[in-house]
Engineer: 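A single structure is presented below for examination.
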Amino acid sequence: MGIEEIRVYAVPLPAVVTYNMSSSKVATPMSTVVAMEDDAGRVGFGEVCLASHHAQPANNDGVRNTLEILAPVVLGLDPVNTATLNTAMHAAVDGNNEAKAVLDIACWDLAGKRLDTPVVDLLGGVVDGSGMTYHVVGIGSPEYAAAEAERLQVEGITRLQLKAGGRPIHEDIGSIHAVAEVCRPGTDLAVDTNRGWSTVEAIQVSNACAGIRMSMEQPCATEAELRIIKPQLHHPLVVDENATDLRTIARMISTGLADGFGLKISRLGGLSTMRAVRDLCMAASVPMSADDAWGGDVVAAAGAALGATLLSQLSRGAWLSHPYHQVHYDEGNGPRLENGAVTLPAGGPGLGLVIDETVLGEPVAGYTRG
Ligand code: 0XW
Ligand code: MG
């Protein structure tokens with residue numbers, strides 16, 4: 001009943017639509033996809049893909065290098081027992097959550113296939129079927145941002161994330177006001193600088209946009225800076241990059257720092273930890289997203305599954321990078337945006353994907369038991 005083989009793939013996911021953040025413009029990230037095979041020949045898939053080297057401490061090459069340590073550690077373990085698997089991974093390396101997440105996600109997919117159960121049901125089941133998602137408007141002119149925001153709302157998107165930072169703040173303020181002008185009453189707006197502003201800039205932007213209904217996502221780089229600006233903001237504060245683990249998230253909730261979270265499954269180490277964070281956020285009525293930095297259908301299916309278990313009132317959405325790279329590993333079932341909502345794969349148990357490994361190219365590494 002154990003894990004017999006792990007095949008590692010590096011899959012290019014080039015941005016075909018401009019995607020820029022305060023720190024970087026996404027080019028061609030190499031996604032790490034693993035195929036985890038058990039002794040009955042079932043295969044579970046895991047994936048992590050960081051959008052750029054600048055947006056977080058981890059990078060895609062480092063994820064695959066760390067798998068050289070972790071893959072041998074998990075061979076032979078039972079993929080259904082994710083507690084034992086994660087304990088073994090934490091004993092093998094400190095940190096490196098992104099590499100751990102690849103294997104954790106593969107275990108959830110494989111466990112679902114063994115138990116003939118969708119991962120969304122293993123995680124607790126669909127709550128209200130909202131399929132909530134959000135869409136990113138990249139950094140650009142006020143005219144571009146407003147036109148994008150208008151287009152997305154016409155397509156049914158009700159949550160917008162406007163990227164900002166990395167330029168003079170009067171340009172950010174102009175784009176924020178332009179987007180706010182076209183936001184419909186039911187549309188939620190978050191402004192995400194991916195740690196891009198100083199405390200002074202964040203306060204100045206909040207003052208300049210005081211009358212706009214929006215949230216400020218990760219306006220500054222550190223928790224200490226967020227604590228400095230929090231009392232001076234006119235807007236709810238959403239924490240993303242600083243929300244690195246369950247203990248930190250609990251502290252941010254209990255001290256009233258975070259009004260919401262932007263959560264990446266890879267940064268937290270996989271679905272196992274993300275499930276615990278979800279339970280905490282739902283219990284504390286703190287909205288959260290079910291995201292990741294970039295990725296193909298496996299990342300998207302993991303986020304859609306976790307996102308489907310969120311109360312829609314407390315869901316900031318499951319984000320899809322597919323519209324920006326337009327690559328599917330499973331053309332038939334890969335999650336999609338439909339009428340402003342993200343679809344759950346319908347390909348069967350586990351993550352619901354049917355993947356022919358040949359679409360992933362040749363493995364760049366392989367680990368076999370024995
Ligand atoms: C929108 N995301 C989830 C994807 C991009 O990598 C950035 C990220 C965010 O919100 O920071
Ligand atoms: Mg963010």
Side-chain angles (χ1 to χ4, degrees), residues 13-15 17-32 47-60 63 97-98 101 132-139 145 148-149 152 157 159-166 172 188-197 202 214-223 225-226 235-244 249 252 258-268 274 277 286-296 299-300 302-304 306-307 310 315-325 335 337 342:
L13 295 178
V17 175
T18 301
Y19 192 95
N20 47 18
M21 300 178 274
S22 63
S23 62
S24 47
K25 183 173 181 179
V26 179
T28 303
M30 294 298 286
S31 186
T32 300
E47 182 182 18
V48 162
C49 186
L50 304 160
S52 75
H53 293 331
H54 308 79
Q56 68 288 312
N59 68 74
N60 293 314
V63 167
N97 278 356
E98 290 80 5
M132 188 72 71
T133 186
Y134 68 92
H135 208 75
V136 169
V137 176
I139 294 172
E148 266 297 277
L152 292 168
I157 297 287
R159 290 181 188 283
L160 300 176
Q161 183 192 81
L162 175 64
K163 292 298 187 185
D172 287 330
D188 280 342
L189 174 63
V191 176
D192 185 9
T193 75
N194 296 99
R195 307 175 290 177
W197 286 326
M214 68 184 208
S215 58
M216 297 180 80
E217 180 171 335
Q218 201 66 50
C220 302
T222 65
E223 180 177 344
E225 290 169 280
L226 298 184
H235 302 97
L237 177 64
V238 172
V239 183
D240 185 336
E241 283 82 351
N242 295 151
T244 53
I249 289 167
M252 291 177 170
D259 300 303
F261 292 101
L263 297 176
K264 297 184 179 74
I265 294 171
S266 60
R267 185 174 67 232
L268 291 171
M274 194 75 169
V277 169
V286 176
M288 61 175 274
S289 65
D291 277 341
D292 224 310
W294 202 255
V299 166
L306 194 288
L310 298 174
S315 173
R316 297 187 64 248
W319 184 75
L320 289 187
S321 60
H322 174 261
Y324 298 93
H325 57 65
L337 282 177
V342 65

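Every number for a ligand or one of its atoms is a count from 1 in the order of the listing. Atoms considered below: every heavy atom in the structure, side chains included; atoms not considered: hydrogens, waters and symmetry mates.
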Engineer: State, without any angle test, whether Asp192 and Gln161 hold a side-chain donor-acceptor pair at a distance under 3.5 Å.
Structural biologist: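 Yes, side-chain donor-acceptor contact under 3.5 Å.
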Engineer: Does this structure show an ion pair linking Asp291 with Arg316, if we count only N-O contacts that are shorter than 4.0 Å?
Structural biologist: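 Not counted as a salt bridge, because no side-chain N and carboxylate O are separated by less than 4.0 Å.
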Engineer: The test is side-chain contact (heavy atoms from CB on, under 4.5 Å); show your working for Thr193 and Asp172 and say whether it passes.
Structural biologist: CA-CA 10 Å; Thr193 75; Asp172 287 330; 5.7 Å; no
Engineer: Check this for me: does any side-chain nitrogen of one of Asp292 and Lys264 sit under 4.0 Å from a carboxylate oxygen of the other?
Structural biologist: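 Here Asp292 does not pair with Lys264 in a salt bridge, since their nearest N and O are not under 4.0 Å apart.
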Engineer: I'd like the residue list for ligand 1, meaning every protein residue with a non-hydrogen atom under 4.0 Å from the ligand.
Structural biologist: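 Heavy-atom contacts below 4.0 Å: Tyr19, Met21, Tyr134, Val136, Gln161, Lys163, Asp192, Asn194, Glu217, Asp240, Glu241, Lys264, Asp291, Asp292, Ala293, Trp319.
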Engineer: Decide whether Asp188 and Tyr134 meet the rule of one side-chain donor and one side-chain acceptor closer than 3.5 Å.
Structural biologist: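 No, because no side-chain N or O of Asp188 sits under 3.5 Å from a partner of the opposite role on Tyr134.
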Engineer: Decide whether Ser23 and Asn194 meet the rule of one side-chain donor and one side-chain acceptor closer than 3.5 Å.
Structural biologist: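 The criterion, which ignores hydrogens and geometry beyond distance, is not satisfied for Asn194 and Ser23.
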Engineer: Using every non-hydrogen atom in the two residues, find where Gly295 and Leu13 come nearest and quote the distance to one decimal.
Structural biologist: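 Answer, listing the atom of Gly295 first, then Leu13: C-CD1, 3.4 Å.
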Engineer: With Trp294 as reference, evaluate Ser52, Ser31, Ser266, Cys49 under the side chain to side chain contact (heavy atoms under 4.5 Å, CB included) test and give the passing residue.
Structural biologist: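 Exactly one option meets the side chain to side chain contact (heavy atoms under 4.5 Å, CB included) with Trp294, and it is Cys49.
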Engineer: Knowing that exactly one of Arg267, Arg195, Lys163 qualifies, which makes a salt bridge (charged side-chain N to carboxylate O under 4.0 Å, His left out) with Asp240?
Structural biologist: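 Single pass found, and it is Arg267.
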Engineer: Which protein atoms of type N, O or S are found under 2.8 Å from the Mg ion (ligand 2)?
Structural biologist: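 The answer is Asp192 OD2, Glu217 OE2, Asp240 OD2.
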